[in-house]
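Each remark here refers to the structure printed beneath this line.
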There are 2 protein chains.
Amino acid sequence: MDQRNRAAMGGENLLFLTDEQLRKGIEAMFFAYRGFTADPDRILEQHGYGRAHHRALHFINRTHGTSVNNLLGLLGVTKQSLNRVLRTLINDGLVESRVGRNDRRERNLFLTHAGRELERALSEAQRERMRAAYRAAGPQAVAGFRQVLEAMMDDEIRTQYDTLKERRP
Amino acid sequence: MDQRNRAAMGGENLLFLTDEQLRKGIEAMFFAYRGFTADPDRILEQHGYGRAHHRALHFINRTHGTSVNNLLGLLGVTKQSLNRVLRTLINDGLVESRVGRNDRRERNLFLTHAGRELERALSEAQRERMRAAYRAAGPQAVAGFRQVLEAMMDDEIRTQYDTLKERRP
DNA sequence: ATTTTAAGTCAGCCTTGTTGACATTCCAAG
DNA sequence: CTTGGAATGTCAACAAGGCTGACTTAAAAT
């Protein structure tokens with residue numbers, strides 16, 4: 001145990017800040033994320049899509065009529081990278097791109113019926129796992145889970161996350 | 001709100017199982033994972049490495065002398081994929097591969113001094129963010145965080161995670 | 001002696017990220 | 001009205017890091 005840990009354990013019960021505890025948290029994050037994506041991945045594979053498509057579908061569904069720029073901010077990828085994914089979704093008839101009303105430079109993105117169906121299947125698979133985890137852990141654990149995750153985000157991202165959270169469509 | 005949710009809210013306080021709550025959890029996972037990898041990613045970039053290298057360094061450090069096969073199981077990738085990463089780490093003098101003692105078909109993997117240094121820098125950056133999140137959320141939240149993450153893993157993976165957890169090097 | 005296992009390698013493919021260059025369209029400021 | 005800048009789209013090239021399949025070597029197991 002190094003200096004920092006001895007300091008951290010000073011007065012109170014700060015055992016949860018030892019390097020050992022932090023490392024367990026890191027590994028839990030790594031392994032849990034694998035589970036988190038496993039179920040949608042299986043469905044996506046059947047359609048010849050990848051995670052990038054899932055993410056696009058998710059956020060287009062969340063923020064109906066969003067602009068491409070806004071979507072880029074949420075996804076944290078480049079325009080070109082998103083465009084490739086978006087093009088296939090549009091060509092396959094899962095996403096509709098309409099010229100903006102006020103600003104005709106923008107494109108407003110919507111899911112088609114087929115898009116909503118696939119998004120539903122993907123998110124239901126993901127929710128099912130989350131539901132099982134929540135049920136197993138209980139409400140208090142869930143509150144803690146969310147608190148830690150939110151504290152782990154970059155400030156910029158947390159702002160976007162909060163904005164998303166508050167929206168009531 | 002659909003059938004399932006009404007059912008879930010039946011007798012007790014199961015508000016945390018609504019689709020809305022689950023969706024928030026899903027988005028929190030997505031955004032938090034970005035933060036989780038952001039700091040090591042910056043360091044890796046300076047060395048011309050990627051996340052795959054980080055993961056390899058992490059688990060070789062965790063399980064000194066592990067075999068390639070064991071590492072494959074932990075990382076969940078193919079031999080060929082790992083081999084590419086491993087080869088560069090060995091060539092760059094961060095990892096040492098020794099012929100197994102008991103079974104000379106196996107290779108036992110170790111970090112060199114330089115390997116330990118990089119691993120230390122990476123994990124310290126990651127721990128620092130985790131530490132800040134833990135501190136902000138508090139011990140009770142941390143316990144819940146871990147409970148939910150562990151419940152989210154595939155059973156097979158959770159076994160590996162537990163095995164890793166119990167080891168005392 | 002034969003089969004199986006561990007590791008490594010080569011070749012090729014895919015997804016998804018990156019830069020850079022450039023065209024188009026349109027809004028808004030001068 | 002003109003011009004500058006913003007939003008979008010497209011093309012090209014590239015890299016990381018997954019994947020499969022085929023094959024070799026060496027050593028262990030049967």
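Side chains included, hydrogens not; waters and symmetry mates left out as well; all remaining heavy atoms used.
At distances below 3.5 Å, at least one donor-acceptor pair connects side-chain atoms of A:T37 with backbone N or O atoms of A:R34.
Annotation: ring pair (Phe, Tyr, Trp, His ring centres under 6.0 Å) contacts of A:Y33 (sequence neighbours excluded): A:F36, B:Y33.
Taking atom CG of A:L72 as the reference point, atom C1' of D:dG9 lies 12 Å away to the nearest angstrom. At whole-Å resolution of the value, CG in A:N83 and C1' in D:dG9 are 6 Å apart. For B:L82 and D:dA16, the CG to C1' distance is 15 Å, given to the nearest whole Å. Spacing between atom CZ of B:R55 and atom C1' of D:dA16 amounts to 11 Å, rounded to whole angstrom units. In this entry the distance linking NZ of A:K79 with C1' of D:dT8 reads 6 Å, nearest Å. Between the C1' atom of D:dA16 and the NE2 atom of B:H53 lies a distance of 9 Å, rounded to the nearest Å. Summarising the geometry, the separation between CG on A:L44 and C1' on D:dG18 is reported as 15 Å, rounded to the nearest angstrom. Atom NE2 of B:H54 is separated from atom P of D:dA16 by 18 Å (rounded to the nearest Å).
In the interface, the side chain of B:Q80 is paired with the base of D:dG21 through a donor and an acceptor atom under 3.5 Å apart.
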Could you write out each protein N or O paired with an N or O of nucleotides 25-30 of chain D at a distance under 3.5 Å?
| residue | atom | partner | partner atom | Å |
| --- | --- | --- | --- | --- |
| D:dA27 | OP1 | B:R104 | NH2 | 2.8 |
| D:dA28 | OP1 | B:N102 | O | 3.4 |
| D:dA28 | OP1 | B:R104 | N | 3.1 |

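A salt bridge is absent between B:E27 and B:K24: the closest approach of a Lys/Arg side-chain nitrogen to an acidic carboxylate oxygen does not fall below 4.0 angstrom.
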### Message
Let's go through B:Q140 and A:Q140 carefully: what are the C-alpha distance in whole Å and the side-chain angles of both, what is the deciding distance for side-chain contact (heavy atoms from CB on, under 4.5 Å) to 0.1 Å, and is it a yes or a no?
### Response
CA-CA 9 Å; B:Q140 203 167 33; A:Q140 204 166 33; 3.7 Å; yes
### Query
side-chain contact (heavy atoms from CB on, under 4.5 Å) between B:Q126 and B:D41: does it pass, once the steps are laid out?
CA-CA 10 Å; B:Q126 200 157 41; B:D41 280 355; over 6 Å; no
### Task
Go through the steps to decide whether A:E150 and A:Y161 satisfy the test side-chain hydrogen bond (donor to acceptor under 3.5 Å, both in side chains), and finish with yes or no.
CA-CA 9 Å; A:E150 287 170 22; A:Y161 167 79; 2.9 Å; yes
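Note on ring orientation: taking the six-membered ring where Trp is involved, the planes of B:Y134 and B:F145 are perpendicular (angle over 60°, cut-offs 30° and 60°).
Cation-pi check for B:R98 over B:F110 is met; the charged atom lies under 6.0 angstrom from the ring centroid and within 45 degrees of its normal.
Residue B:R51 is classed as a sugar-phosphate contact, given heavy-atom separations below 4.0 Å to backbone atoms only.
With no hydrogens or angles considered, no side-chain donor-acceptor pair links B:D92 and B:T88 at under 3.5 Å.
Between A:V77 and A:R107, the residue whose closest nucleotide on DNA chain C is further toward the 5' end is A:V77.
Of all nucleotides in DNA chain C having an atom under 4.0 Å from a heavy atom of chain A, the first and last in 5' to 3' order are C:dT16 to C:dC27.
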